[in-house]
K.L.:
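Mind looking over this structure? Questions follow.
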Amino acid sequence: MSDLSEKMHFSGSSSDGVSHEGALAEDGEKTMMGQTPFPLEQPQKQPIPLHRLDSRLPTSNSKTEEDEQQKQADDSEQKDPFAHLPFHEADILKRQVDIPPVKVTYFMLYRYATRNDIIIMVVSSICAIAGGAAMPLMTIIFGSLTGKFTGFEQGTTSPSQFQGTVDHLVLYFVYLAIGMFCTIYVSTVGFIYTGEHIAGKIRQAYLAAILRQNIAYFDKLGAGEITTRITADTNLVQDGMSQKVALCMTAVATFVTAYVIAYIKYWKLALIDTSAIVAIVLTMGSLGRFITKYSKKSLASYAEGGTVAEEVISSIRNATAFGTQEKLAAQYDAHLIEAEKWAFKMKAILGSMIGFLMFYVYLTYSLTFWLGSRYLVKGEVTVSDIITILLSIMIGAFSLGNVAPHIQAFTTATAAASKIFATIDRKSPLDPDAVDGLKLEQLEGTVELRNIRHIYPSRPEVVVMEDVNLVVPAGKTTALVGASGSGKSTIVGLVERFYDPVGGQVLLDGHDVQELNLRWLRQQVSLVSQEPTLFATTVFENILHGLIGTDFEGRSHDENRELVEHAARMANAHDFITQLPEGYETNVGERGFLMSGGQKQRIAIARAIVSDPRILLLDEATSALDTKSEGVVQAALDKAAQGRTTIVIAHRLSTIKHADNIVVMSQGQIVEQGKHDALLEQRGPYYNLVEAQRIAQETERVREEAEDADDSDISFKDKEESVLYVARTKSRDKAMHYEDPADLELGRTKTGKSESSKVLGDRSSQDAQKYNLWTLIRTVGSFNKSEWKIMLVGLLAAIIAGAGNPVQSVFFAKSITALGLDSGNPRQLQSQIDFWSWMYFMLACVQLLSLCAVGVLFAYCSEKLIHRARDRSFRTMLRQDISFFDDDSNTAGALTSFLSTETTHLAGISGATLGTLLQVLTTLVVGFTIALAIGWKLALVCIATVPIVLFTGFTRFWILARFQERAKKVYEKSASYACEATSAIRTVASLTREGDVWQHYHKQITDQEAKSLRQVVRTSTLYAASQSLMFCCTALGFWYGATLLASHEYSVFQFFLCFSAVIFGSQSAGTIFAFAPDMGKAKHAASSMRTLFDRTPAIDTWSREGEDVPTMEGAIEFRDVHFRYPTRPEQPVLRGLDLTVKPGQYVALVGASGCGKSTTIAMMERFYDPLVGSVYVDGKEITTMNINSYRRHLALVSQEPTLYQGTIKENILLGADTKPEDVPDEAIVRACKDANIYDFILSLPDGFNTVVGSKGSMLSGGQKQRVAIARALLRDPKILLLDEATSALDSESEKVVQAALDAAAKGRTTIAVAHRLSTIQKADAIYVFEQGRIVERGTHSELMHKGGVYFELVNLQSLGKTA
């Protein structure tokens, strides 16, 4: 295989998005069933990969031919992932994943509209068109009034006649206002209502369709995509059907009416003015293209930066432990620099666009007056015609500009709908809603697999099972064991019929499951998986879900209660449930996160057995638990399995030694089966698996010796301790959220309070600080300090731009006065108009320059601001101590979204806002001043209307934004409910909860619609008012002006100047105001940012304090350490811990989960400081040392290895405490060899430059863990901390990783936390933790001899022969 194609496949670029050599990135069933794979390494050139049970064998051994074949196979696979399979197999797989595309046209969005919806939409459309036509009609009235005014000036009408005509025309304004209010109101409410109603129907149909789909469909899609569809895409569809439609119709109607009016008045002038529209449309179109292009590029860079930030924050302990904050912040900054470049280009063009629009507007004024005067002199038009045409063209042009953004909403909606409708229309090959299929009267429960060959549809190149034959007798327990990827979980998937096999049959009581009704089949089978999914409701409801679709469903509450409690008792859950504050009515939280692992698992078991199923499937039901919880859960499972067909999958072999039949699988085939003892005697694969996990053979011997010596050796104290221990075990399994009464008697001071609670009480609670506006402005300003000169120029340009409107009103009044001159003197009229037209031309150029300057300069400053704010926020986050990240409000998601959204909101109190405010103020102040100077009476009356005008201009845009926000917010809750269900689709499917989930969702949506309608009815009133009040203000101005004119107090010049300076000025100010960024959001963003910047962590990585630690021996001592987590102060974790480790010792910490082992590691890394007592290293208290200098000598390998995007080499280099370029290659190679991963890395096509994918997803668990170990060894630590470094691996990977860890521990002080006791037998000292203190210490054999707590833990895990 050529290097190139291998590279290609490793990066996962084959068409099905899966790496061709499966195993390098993922293997067997890791992705399908959520197991951790074991590393499958292979030399680079291997003709038949061992793990790949391929249906084709290479026929030739000659290199070139093989290459050729491979190449052809690759090409065909690029086109069709199933091409290499026989036709019937490919067909079965295709059927499970194919999504036939659906061609969606815009009108198809309305396919769920009811008759009422259609009637409402027709009425709303008529209103929208009528409302749109009202605006241009205003120009006729305005034009006529202007004509009457100039006529009166020329003396052609008498005062009384003039007053009468004006009053009559002014009334038309009022009628228009009323008409506009009614039509806009009806159309807005109508379209928002129908949009929401139809979108609600689409949402429900989509969820129903999703719940119908087969599991392979979800493997292909991923939960994220479904979440996006339900949350974002349905919002886009709704957006394209609601008030955007009304706005678009209104805008089009305005445009058409305006043009009709203009052409009727005088076609020549209208035609020439149309050039303005061409210019506006072309400019907006061409610049708009650039804006979207740059915007996409900048968003893409921000998204990459966001991924880096999310990866880093979600693994903050790792970044802190290795002191890599600076390196990671630099990576993030690199993305920000790229994003800033594109965002600046986008904002600069956007800013310039407004400049161009104003330029065209003033040029049109200039052209119209100049040409109009020519036609006027010829007697072809009147003054009122010129004004009407001018205003019509302007209104028409801008309404056309409004159509473009709405059109985009329609295309986006159609695109979003095509994906949604494709799912709705997809016929699921395994449809749980289907009614056809057999339902057996009597079910024995015998399951048989006959000649099964299985391939997962999402990974067609890996054959998972080949020719498997297995009979699971009714009422017996069959256990499946084997390494990850051997096909164990696949059997569960086939019995539940999540997938159809490509060959062979699955039989239930002799019937092929494909002939049985799917829902009925799943109701007979109960599944308990490794990660049990609970739903966000009460414990009672969760267990009750198990009764869905059974004969018990629909019984009375009391009968159900009885069944639920009986099931809970069988699952060993009743006792802990009754001790919860609200018993069975306690809410378990989203995905059950308020419960501990053992509790969740037992609730899941109760749910599985409540319906008394014939078949029980247990897929590693105890693997995620520690020994203690495991014992309790295992007892529950053994009880549950009695009398039914049970299939158990287990990694831990101790849990299945009593099974009726143990089936050992390897590479998709059954290699041996039989009972535990028989298999051990055969010394075959099962024996080897047991060996890998067995805990020291001397266990038996030691136990016998201990029993003999029991009476004589064991002191009374030890016995008491063991009794106490057993008693405690019983009360142990209470949720960490509920206080354990036994806890309260420990570690008290004289006052009866424990040490830690006293210290916590002394710490005064810090209230969130309130900042005044000035402080916040200074904070934001500090980011733009270096740009102050640019800002100054920008502010100056803003003032010039703001003065444009008042100056324009002088020109406007002068031009109208000139047009009103006696036409007997045409030369004078023309020379005056020529002069004012040139003045307009000059104004257009000044506005273009000043507005472009404002746009470009502030774009530059605001992008600098956002970049610096993001960079500093991220660095400040990485500076915080771990307790900051423990807080629920500081999850990785919350902090990442803070970085992406809050920082952009800052622009609201930056220079750009100041510029906008200055522009608005200049417009108003200069306008008012000129108006008051020329004609104070009219000016005062007009100024009185300014608040209303400003309000309407602002409200119009604000409410439109509100409508969109509301639509998004409203559905967040129901969407998160739907997402919870779809992300747990296997659980929903196996419980046949589909109908139940849909019912809940349907209710949430209908409730929401009713609530929304009430809101919309209210807000639409405001919106309609904002559209119509403007007419009333104009009417008032004209009416009062006419009165002053009639009494000869004012001239036409005075009237038009005052009127346009005040009313038109404030109108444009109102609009600009709406474009200003949201000040409220900005203030909130600035204050939360300031709070973050002001937070100095107790353990500060920026601090220079504390003494340097040039060398370290590695002697560790904990002296009477008490500790509680800041987020759970009521829960004591360490209660007087004493512990000593000599330099170079290998010390193991063991104990049940929650006893303080990992906390001890965290205290060593100084993630937290003890509340009482101290930690000493080399005899010095670690709080006195410089934190960075101290951490340089430590390395941490945790349970979940953290890798970041980038290559293997970059990830290993993060461990170095020097600059990456200063690390010699030999050091990297040595670290990799010590970590047992060097050969594997060399076997990859790109070696050290192989990309590991997001969070290291391209590597298997064991491989990731060894890269993490190499990273830890690269810094040559004096103290190595291992926090359950092998617990997430299966036996095979564990051996490899454990060997690497043992090698790594040589010559260093090592502290290891372990759940699996087999990994730490060779430790120099073992400390047994119990409730936050040490109860036993010694070597493995000493502690076994003692027969205390450790002895019991070992026995719990031991795999000795069954007696």
K.L.:
Before accepting this row, confirm whether a basic side-chain N of the pair Glu89/Arg453 lies closer than 4.0 Å to the acidic partner's carboxylate O.
P.N.:
yes
K.L.:
Using side-chain heavy atoms (C-beta onward) and a distance below 4.5 Å, is Arg497 in contact with Leu430?
P.N.:
yes
K.L.:
Report the relative orientation of the aromatic rings in His557 and Phe540; use parallel for angles under 30°, tilted for 30 to 60°, perpendicular for over 60°.
P.N.:
tilted
K.L.:
Would you please name every residue forming a side chain to side chain donor-acceptor pair (under 3.5 Å) with Gln505, sequence neighbours left out?
P.N.:
Asp512
K.L.:
Tell me whether the NZ or CZ atom of Arg993 lies within the 45° cone about the ring axis of Phe535 and under 6.0 Å from its centre.
P.N.:
yes
K.L.:
With sequence neighbours left out, what residues match Asp467 under salt bridge (Lys or Arg N to Asp or Glu O under 4.0 Å)?
P.N.:
none
K.L.:
Starting from the C-alpha separation in whole Å, work towards a yes-or-no answer on side-chain contact (heavy atoms from CB on, under 4.5 Å) for Asp233 and Val237.
P.N.:
CA-CA 6 Å; Asp233 290 5; Val237 173; 5.6 Å; no
K.L.:
How would you list all residue pairs meeting side-chain hydrogen bond (donor to acceptor under 3.5 Å, both in side chains) that involve residues 91-103, not counting sequence neighbours?
P.N.:
Arg95-Asp500
K.L.:
Closest approach of Lys488 and Val481, non-hydrogen atoms and distance?
P.N.:
CD-C, 3.5 Å
K.L.:
Are any non-hydrogen side-chain atoms of Leu518 and Arg522 less than 4.5 angstrom apart?
P.N.:
yes
K.L.:
Do the ring planes of His454 and Tyr456 sit parallel (below 30°), tilted (30 to 60°) or perpendicular (above 60°)?
P.N.:
perpendicular
K.L.:
So do the side chains of Ile198 and Tyr110 get within less than 4.5 Å of each other, counting heavy atoms only?
P.N.:
yes
K.L.:
Checking Glu541 now: which residues fulfil salt bridge (Lys or Arg N to Asp or Glu O under 4.0 Å) with it, not counting sequence neighbours?
P.N.:
none
K.L.:
List the atom of Leu93, the atom of Pro460, and the distance in Å for their closest heavy-atom pair.
P.N.:
CD1-CB, 4.4 Å
K.L.:
Could you note down all residue pairs passing side-chain hydrogen bond (donor to acceptor under 3.5 Å, both in side chains) where residues 421-431 supplies at least one of them, sequence neighbours left out?
P.N.:
Arg111-Asp425, Gln213-Arg426, Asn214-Arg426, Tyr217-Thr423
K.L.:
Could you pull out every donor-acceptor pair under 3.5 Å between side chains of residues 432-445 and any protein atom, sequence neighbours left out?
P.N.:
residue, atom, partner, partner atom, Å
Asp433, OD1, Arg519, NH2, 3.0

